[in-house]
**Student:** 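Questions regarding the structure given below will be posed in turn.
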Amino acid sequence: MTLEQETFEVHDPAILQQARQLIDSCNSPREMAQEVLEAVRRNEQWRGKSCVNLLAPEAPTSPTVRTLLSAEVGTRAAEGHIGAVNRWFAGTKHIDEIESLCVELLKKLFQAKYADHRLCASMIGNMAVYTALTQPGDTIMSLSQPVGGHSSNRSDGPAGVRGLNIVDVPFDQAELVVDLERFRQVARQVRPKLVALGASMTLFPFPLREMSEIVAEWGGKIFFDGAHQLGLVACGQFQDPLREGADIVTGSAGKTFSGPQSGVMVWDDSALTEPLTHAVFPVLAATHQVNRVAALAVSAAELLAYGKVYMARIVENAQALGAALEKRGIPVLASHKGYTRTHQVIADVRQFGGGLEVAHRLARANLITNKNLIPGDKPEDWDRPGGLRMGTIEVARLGMGASEMEQVAEFISRILVGGEAPEAVEKEVTEFRLPYQTVYYCFENEYPAVIGVR
Ligand SMILES: *Cc1c(COP(=O)(O)O)cnc(C)c1O
């Protein structure tokens, strides 16, 4: 007799079932592989060529960076620190060249004394920071999710796994910045070992100088998790955390930084080098994809060459998109202070059906955005929050400017305010996207000839 075993999948069981049926219908493993390739091709045709991608954590990479991601060196095993005696494997002389170029390019870009290049994700960088600088039971402070905080610094992510006691950084929900007065009170009370400033919804700079002076009273440290703003930070388009009092900065290489999806960590204090790098290796990374390291190094060089103009365009586009949406009757957060100082625009779409419904409705018209928690959302609103987050990294890198943001806002408003069926707008969105297929701000294609006019 067989016992009926209950299955539990976190994934959508219907989609897994479809895949099983597809695999079962194949006559050979070769056909199964073919199905994978075809799904990849469909995505490239749709998301890569036909959609206006407004996902804030996404960036198109240059042709060279994409090519490097399949380079031969990606099949080589390298673990440990750079240099023959620091590694377990022989044969790494050229890998040492690649990795040391990456480390030195990152230091140059961030004007930092130290950098680590081996983080397969920014999330791993955050885990490295908690591993290196905290002990289970320590108190830290971080931002809660409804005001923009990220799981990596909360109880459901690395900070929670480390067994930390997590206290909220008070946030002014009208101004969308840290409430410094209340922070002073709470921080003096709980004396956090580390204050993590990491925000997935990130519109305005943090008062880093003031906060670092406060935590210095008991020797606390400021950890700037600049996952989203990393490229803006590198190119002087946002605040300069290392100079303003942050002890350590982590960030994603695939968000505004516009390189391969992975992580970066930089710091200045020599005393942190041993604990941080030890937390990377041997604790959290062994082989670390040298093809990705090469791609990261080239992305850093691209930002050195083109980043100032590129990052400025991203922010200009975000501000233009915010104004264009507001003008058409879609409420945008922080309209009283210019909407944003980053690549993000946050709309309050409660009156249009909420973030989940709106994001999926827009996707049917090839406009790709994501649902987002906004101030005022409650924990029970997690899956169906009131906000919509848009980012302008990709549209900027494809050469778009303020006039194109008007056009994008018009598409969005026709669906949300005008009530047009997404399918009726889809064809026009695809035609609008068609001439924008070149990735700029890289050595191959340099700058777009004219911004905002085609
Ligand atoms: C996206 C994000 C991360 C995680 O970055 P990955 O590179 O995807 O691991 C960490 N912190 C914040 C604030 C983020 O927004």
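Just follow the structure's listing: the first ligand is 1, and inside any ligand the first atom is 1. When reading the values below, keep in mind they use all heavy atoms of this one structure, side chains included, and skip hydrogens, waters and symmetry mates.
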**Student:** Can you run down the salt bridge (Lys or Arg N to Asp or Glu O under 4.0 Å) pairs that involve residues 288-307, sequence neighbours left out, and say none if there aren't any?
**Tutor:**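 For residues 288-307, and leaving out neighbouring residues, the salt bridge (Lys or Arg N to Asp or Glu O under 4.0 Å) pairs sorted by first residue read Glu302-Arg397.
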
**Student:** Contact between Leu109 and Leu105 at the side-chain level, heavy atoms closer than 4.5 Å - yes or no?
**Tutor:** no

**Student:** Salt bridge (Lys or Arg N to Asp or Glu O under 4.0 Å): which pairs involve residues 124-145, sequence neighbours left out?
**Tutor:** Asp138-Lys193

**Student:** Mind checking what makes side chain to side chain contact (heavy atoms under 4.5 Å, CB included) contact with Ile15, not counting sequence neighbours?
**Tutor:** Asp12

**Student:** Return yes when atom NZ of Lys308 has more than 12 non-hydrogen atoms of other residues, nucleotides or ligands closer than 6.0 Å, and no otherwise.
**Tutor:**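 Check fails, neighbour count at 12 or below.
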
**Student:** For ligand 1, find each of its N or O atoms that sits under 3.5 Å from a protein N or O atom, and tabulate the pairs with distances to one decimal place.
**Tutor:**
{"unit_1": "ligand 1", "atom_1": "5 (O)", "unit_2": "Ser252", "atom_2": "OG", "d": "3.0"}
{"unit_1": "ligand 1", "atom_1": "7 (O)", "unit_2": "Ser122", "atom_2": "N", "d": "3.0"}
{"unit_1": "ligand 1", "atom_1": "7 (O)", "unit_2": "Ser252", "atom_2": "OG", "d": "2.8"}
{"unit_1": "ligand 1", "atom_1": "9 (O)", "unit_2": "Ser122", "atom_2": "N", "d": "3.2"}
{"unit_1": "ligand 1", "atom_1": "9 (O)", "unit_2": "Met123", "atom_2": "N", "d": "2.9"}
{"unit_1": "ligand 1", "atom_1": "11 (N)", "unit_2": "His150", "atom_2": "ND1", "d": "3.3"}
{"unit_1": "ligand 1", "atom_1": "11 (N)", "unit_2": "Asp225", "atom_2": "OD1", "d": "3.3"}
{"unit_1": "ligand 1", "atom_1": "11 (N)", "unit_2": "Asp225", "atom_2": "OD2", "d": "2.7"}
{"unit_1": "ligand 1", "atom_1": "15 (O)", "unit_2": "Ser200", "atom_2": "OG", "d": "2.9"}
{"unit_1": "ligand 1", "atom_1": "15 (O)", "unit_2": "Lys255", "atom_2": "NZ", "d": "3.2"}

**Student:** Kindly check if the number of other-residue, nucleotide or ligand heavy atoms within 6.0 Å of CZ (Arg384) is above 12?
**Tutor:**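 Incorrect, the count does not exceed 12.
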
